[in-house]
Amino acid sequence: MSTPAAHDARPAPPKRSAGATALGWILTIGLNVVAPLITYNVLTKDHGWSEFSALLLSSAWPVLESAISLAWRRKLDEFAVVTLVFLVITAVVSLVGAHSARALLIKDSGVTGLFGLLCLGTLLAPRPLMFYFSRKFATDGTPESTAWWNGLWQYEGFRTTLTRMTLVWGLTYVAEAIVRVALAYTLPTETMLVVSPIMIYAVLGALGVWTARYAKRSQAEGERRATEAAAQAAATS
């Protein structure tokens, strides 16, 4: 009979294709970051489009990547889906309320707060958001590496790690939104215009560093438990 520790003896990942990885990331960054940003800026600054209309048209780029992913790899690209959802949330929030400086600051908080709630909501789904988000970074998108990642869900330690990551991201962004809204009402607008973007990037950077370290620590702990289980099995055989 296998022990709980033995369940963390995860299979090694398949060899990654450098070409597939590079092409995947070129498409991801180009269609989810660069193209929407350029589209939004050109439409709002050069053509006088509203934020809502520009954001909705910008969301066509992640849709295009999803179509390419379906045609190329026969599966949706979760990173593109998350980007699409984020753009739609931003577009909807842009319709709410007046367009004063303080209102715009509060709307920014609404976007990150809704993303945090999205993270927390996926904890009720079969697999949390970070399972799909992390798969984008941990694999090259080929069927072999995707199947390897999907197969890791059977391990308790793996499930705990990704569930905890999703929980931390969700709670952090909800808390960040609440703090920024409170600061928007207490600090002078000029000060908040400086503080708000700093908070956005600081929180994102802190979450990125914590996620990388926590994932590495969890993997090392899983390997340690697997080694101990193997040694124990060998000693009793």
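The basis for the numbers below is simple: all heavy atoms, side chains too, and nothing from hydrogens, waters or symmetry mates.
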- Task: Kindly say whether Met192 contributes a backbone atom to a donor-acceptor pair with the side chain of Ser196 at under 3.5 angstrom?
- Result: no
- Expected output: side-chain Thr166 to main-chain Met130 donor-acceptor under 3.5 Å: yes
- Query: With clusters built from Ile, Leu, Val, Met, Phe, Trp and Tyr whose side-chain heavy atoms come within less than 4.5 Å, directly or transitively, what are the remaining members of the cluster of Val194, listed by chain and number?
  - Reply: Ile198
Side chains of residues 112-126: which donor-acceptor pairs under 3.5 Å do they make with residues two or more places apart or in other chains?
{"from": "Thr112", "atom 1": "OG1", "to": "Ser109", "atom 2": "O", "distance (Å)": "3.1"}
{"from": "Thr112", "atom 1": "OG1", "to": "Glu176", "atom 2": "OE1", "distance (Å)": "2.8"}
{"from": "Thr112", "atom 1": "OG1", "to": "Arg180", "atom 2": "NH2", "distance (Å)": "3.2"}
{"from": "Thr122", "atom 1": "OG1", "to": "Cys119", "atom 2": "O", "distance (Å)": "2.7"}
{"from": "Thr122", "atom 1": "OG1", "to": "Leu129", "atom 2": "N", "distance (Å)": "3.0"}

- Query: Mind checking what makes side-chain hydrogen bond (donor to acceptor under 3.5 Å, both in side chains) contact with Ser53, not counting sequence neighbours?
  - Reply: Ser50
- Message: Check for me whether Arg135 meets the cation-pi criterion with Tyr132, that is, NZ or CZ under 6.0 Å from the six-membered ring centre and within 45 degrees of the ring axis.
- Response: no
- Thr39: partners by side-chain hydrogen bond (donor to acceptor under 3.5 Å, both in side chains), with sequence neighbours left out: Trp61
- According to the side chain to side chain donor-acceptor pair (under 3.5 Å) rule, which pairs have a member within residues 200-211, sequence neighbours left out? Trp169-Thr211
- Can you find a pair of side-chain heavy atoms, one from Tyr214 and one from Arg164, that are under 4.5 Å apart? yes
- Determine whether Val111 and Ile200 fall in the same hydrophobic cluster, where Ile, Leu, Val, Met, Phe, Trp and Tyr are linked whenever their side-chain heavy atoms lie under 4.5 Å apart. no
- Note on the structure: Residues at least two apart in sequence or cross-chain that pass salt bridge (charged side-chain N to carboxylate O under 4.0 Å, His left out) with Arg224, listed by chain then number, are Glu221, Glu228
- Do Phe137 and Trp149 make the cut of ring centroids closer than 6.0 angstrom? no
- Query: Which residues satisfy the side-chain contact (heavy atoms from CB on, under 4.5 Å) test with Asn41, sequence neighbours excluded?
  - Reply: Leu37, Lys45
- Query: Would you say the side-chain atoms of Ser145 pair up with the backbone N or O of Thr139, donor to acceptor, closer than 3.5 Å?
  - Reply: no
- Quick one: hydrophobic cluster around Trp49, which other residues, with the 4.5 Å side-chain cut-off, linked directly or via members? Leu43, Leu57
- Task: Using the test side-chain contact (heavy atoms from CB on, under 4.5 Å), find all partners of Val179 that sit at least two apart in sequence or belong to another chain.
- Result: Leu183, Met199
